[in-house]
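Right, one structure below, let's go through it.
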Amino acid sequence: QVQLVETGGGLVQAGGSLSLSCVASGVAIDKYAMGWYQQAPGKEREFVAGISWRGRSTYYADAVKGRFTISRNNAKNTVYLQMNRLKPEDTAVYYCAAGRTYTIPTDLDEYHYWGQGTQVTVSS
């Protein structure tokens, strides 16, 4: 059974930082592109960041470029999202996802596995 488990969410003041982790079990992610998505209340799930299967390429949504960094450790079957200079509009549930592609998918439908999400709340 494939599981992606996100941790690291919480409450932080604007300007602060959080580090999210996503640990996979039941699947070796070294052949998967990995992505992070956010979903705010009443909104659709949106792409935040993605990383290719070897970690050589990354891609970010414009809203987080320069503030968020995605990385991965395939030996630990884990992907990370370092979030700096957080803003209240970053408040959302953050999901990690795995897609068996060599490119970085930004379309929800291209991801095969999803985690259950972790809540990030940024206060003003």
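For the numbers below, each heavy atom of this structure counts, side chains included, while hydrogens, waters and symmetry mates do not.
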Could you list the donor-acceptor pairs under 3.5 angstrom formed between side-chain atoms of residues 47-57 and any protein atom two or more places apart in sequence or on another chain?
{"residue": "S52", "atom": "OG", "partner": "R56", "partner atom": "N", "Å": "3.2"}
{"residue": "S52", "atom": "OG", "partner": "S57", "partner atom": "N", "Å": "3.0"}
{"residue": "S52", "atom": "OG", "partner": "S57", "partner atom": "O", "Å": "3.4"}

In short, side chain to side chain donor-acceptor pair (under 3.5 Å) pairs touching residues 3-15 with sequence neighbours left out are E6-Q116
Check: residues 95-107 side-chain donor-acceptor pairs under 3.5 Å, at least two apart:
{"residue": "T101", "atom": "OG1", "partner": "T103", "partner atom": "O", "Å": "2.8"}
{"residue": "D107", "atom": "OD1", "partner": "D109", "partner atom": "N", "Å": "3.0"}

Separation of L20 CG from F68 CZ (nearest 0.5 Å):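 These two atoms lie 8.0 Å from each other.
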In Å, rounded to the nearest 0.5 Å, how long is the span from CG of L81 to CE of M34?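 With rounding to 0.5 Å, CG (L81) is 11.5 Å from CE (M34).
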Next item on the list: Tell me, with the steps shown, if I70 and Y60 meet side chain to side chain contact (heavy atoms under 4.5 Å, CB included).
Entry: CA-CA 9 Å; I70 187 171; Y60 298 92; 3.4 Å; yes
side-chain contact (heavy atoms from CB on, under 4.5 Å) involving [X] - partner list, sequence neighbours excluded:
X	value
S17	Q82, N84
V122	V12, A14, L86, P88, D90, T91, V120
S71	Y80
K43	A40

message = Counting C-beta onward and ignoring hydrogens, is there a side-chain heavy-atom pair between W114 and L108 closer than 4.5 Å?
response = yes
For residues 76-89, the salt bridge (Lys or Arg N to Asp or Glu O under 4.0 Å) pairs (sequence neighbours left out) are none
Excluding V5, membership of its hydrophobic cluster (Ile, Leu, Val, Met, Phe, Trp, Tyr; side-chain heavy atoms within less than 4.5 Å) reads none
Once side-chain hydrogen bond (donor to acceptor under 3.5 Å, both in side chains) is applied, do any residues pair with Y94, and if so which ones, sequence neighbours excluded?
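Partners of Y94 by the side-chain hydrogen bond (donor to acceptor under 3.5 Å, both in side chains) criterion, ordered by chain and then number, come out as Q38.
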Donor-acceptor contacts under 3.5 Å from residues 21-32 side chains, at least two apart:
none

Is Y113 reachable from Y111 through a run of I, L, V, M, F, W or Y residues, each pair having side-chain heavy atoms under 4.5 Å apart?
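No, it is not one cluster - the side chains of Y111 and Y113 are not joined through contacts under 4.5 Å.
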Residue pairs passing the disulfide (SG to SG under 2.5 Å) test where at least one lies in residues 30-79, sequence neighbours excluded: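 Passing the test, one end in residues 30-79: no pairs.
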